[in-house]
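No experiment lies behind these values; they were computed from the predicted model shown.
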Amino acid sequence: MNLVIGCDSLLIEQSHAIRQEVFVIEQDIPLELDRDGKDSVSQHAILYLNCQPVGCARLTISHRWAVLSRVAVLDAYRGAKLADVLVNALLRYARRQHVYYVSVLVHQYLADYYKELGFTFAKGGEMVGKHQLIELAISLETPANVVTA
């Protein structure tokens with residue numbers, strides 16, 4: 001298993017191929033909703049097994065907060081906790097970038113999965129295609145200018 005994080009054209013192309021299979025074909029999400037224009041300004045994690053890309057996730061950073069999105073694993077590789085590897089790798093990456101807050105929009109049925117990874121409910125989400133999403137978030141560290149009780 002190998003995982004690469006970056007923002008080059010090959011990683012974006014591999015991410016698009018996985019997302020096409022998972023989101024557009026399997027979940028019937030319109031391509032234009034998946035291709036939101038943020039790929040070129042995001043970090044992409046690609047997980048390889050036997051040199052083949054089998055999973056992806058995206059992290060879009062804006063100052064000290066980020067949005068985790070587009071977490072997808074090809075059907076043949078599900079059940080092996082590969083999504084955990086992708087999400088945890090991007091959370092570690094976010095910490096190294098001094099991000100202190102990461103949010104994610106997910107299908108309602110995935111809420112418990114993300115809660116096991118440390119995310120908490122943030123707010124009701126939105127409709128994406130035919131899918132109702134909710135927002136979850138995780139705090140990675142306390143920013144220096146925030147006083148906690």
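Other residues, nucleotides and ligands contribute more than 12 heavy atoms inside 6.0 Å of the NE2 atom of His107. By the neighbour-count criterion of 12 heavy atoms within 6.0 Å, atom CG of Asn50 is sparsely surrounded, having that number or fewer from other residues, nucleotides or ligands.
Leu11 and Ile5 sit in two unconnected hydrophobic clusters of ILVMFWY residues. Membership requires side-chain heavy atoms under 4.5 Å apart, directly or through other members. Under the 4.5 Å side-chain heavy-atom criterion for grouping Ile, Leu, Val, Met, Phe, Trp and Tyr, Leu31 is not connected to Ile29 through any hydrophobic cluster. Cluster membership check: Ile138 shares its hydrophobic cluster with Val71, using side-chain heavy-atom separations under 4.5 Å among Ile, Leu, Val, Met, Phe, Trp and Tyr. In the hydrophobic clustering of ILVMFWY residues, with side-chain heavy atoms under 4.5 Å counting as a link, Val24 and Ile46 come out apart. Taking hydrophobic clusters as Ile, Leu, Val, Met, Phe, Trp and Tyr residues chained together by side-chain heavy-atom distances below 4.5 Å, Val22 shares a cluster with Val87.
One distance of note links NE2 of His44 with CG of Leu10; it measures 11.5 Å at 0.5 Å rounding. Of the inter-residue distances, the one linking Leu140 atom CG with Tyr101 atom OH reads 10.5 Å to the nearest 0.5 angstrom. If you take CD1 on Ile18 and CD on Gln52, they are separated by 10.0 Å, rounding to the nearest 0.5 Å. Summarising the geometry, atom OH belonging to Tyr114 is positioned 11.0 Å from atom CD1 belonging to Ile134; distances are rounded to the nearest 0.5 Å. Distance check: Ile61 CD1 to Gln43 CD gives 6.0 Å after rounding to the nearest 0.5 Å. If you take CG on Asp8 and CD on Glu13, they are separated by 10.0 Å, rounding to the nearest 0.5 Å.
For the pair Glu135 and Leu105, the minimum side-chain heavy-atom distance is below 4.5 Å. Looking at Leu59 and Val102, their side chains come closer than 4.5 Å, going by heavy atoms from C-beta outward. Residues Cys56 and Arg19 meet the side-chain proximity criterion, which asks for heavy atoms closer than 4.5 Å. With contacts defined as side-chain heavy-atom distances shorter than 4.5 Å, the pair Phe119/Leu68 qualifies. Residues Lys38 and Arg58 have side chains in contact (heavy-atom distance under 4.5 Å, counting atoms from C-beta outward). Contact of the Leu3 side chain with the Tyr48 side chain is not registered, since no non-hydrogen atoms from C-beta on lie closer than 4.5 Å. When side chains are defined from C-beta on, Asn88 counts as touching Arg92, because their heavy atoms get closer than 4.5 Å. Residues Ile12 and Cys7 form a side-chain contact, since some pair of their non-hydrogen atoms from C-beta on lies under 4.5 Å apart.
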Is there a side chain to side chain contact (heavy atoms under 4.5 Å, CB included) between Trp65 and Val67? Walk through the geometry before answering. CA-CA 7 Å; Trp65 61 274; Val67 175; 3.6 Å; yes
Under the criterion side chain to side chain contact (heavy atoms under 4.5 Å, CB included), I'd like the reasoning laid out for His98 against His63: C-alpha separation, chi angles, the key distance, then a yes or no. CA-CA 9 Å; His98 306 289; His63 306 290; over 6 Å; no
N/O donor to acceptor pairs below 3.5 angstrom from side-chain atoms of residues 74-85, sequence neighbours left out:
residue, atom, partner, partner atom, Å
Asp75, OD1, Arg78, NH1, 3.2
Arg78, NE, Val73, O, 2.8
Arg78, NH1, Glu26, OE1, 3.0
Arg78, NH2, Glu26, OE1, 2.8
Arg78, NH2, Glu26, OE2, 3.2
Arg78, NH2, Val73, O, 3.0
Asp84, OD1, Tyr113, OH, 2.5

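Here the closest heavy-atom approach between residue Leu136 and residue Val106 is recorded as CD1-CG2, 3.7 Å. Taking both residues in full, the closest heavy atoms of Leu86 and Ala72 are given as CD1-O, 4.1 Å, listed atom of the first, atom of the second, then distance.
With no hydrogens or angles considered, a side-chain donor-acceptor pair links His16 and Asp39 at under 3.5 Å.
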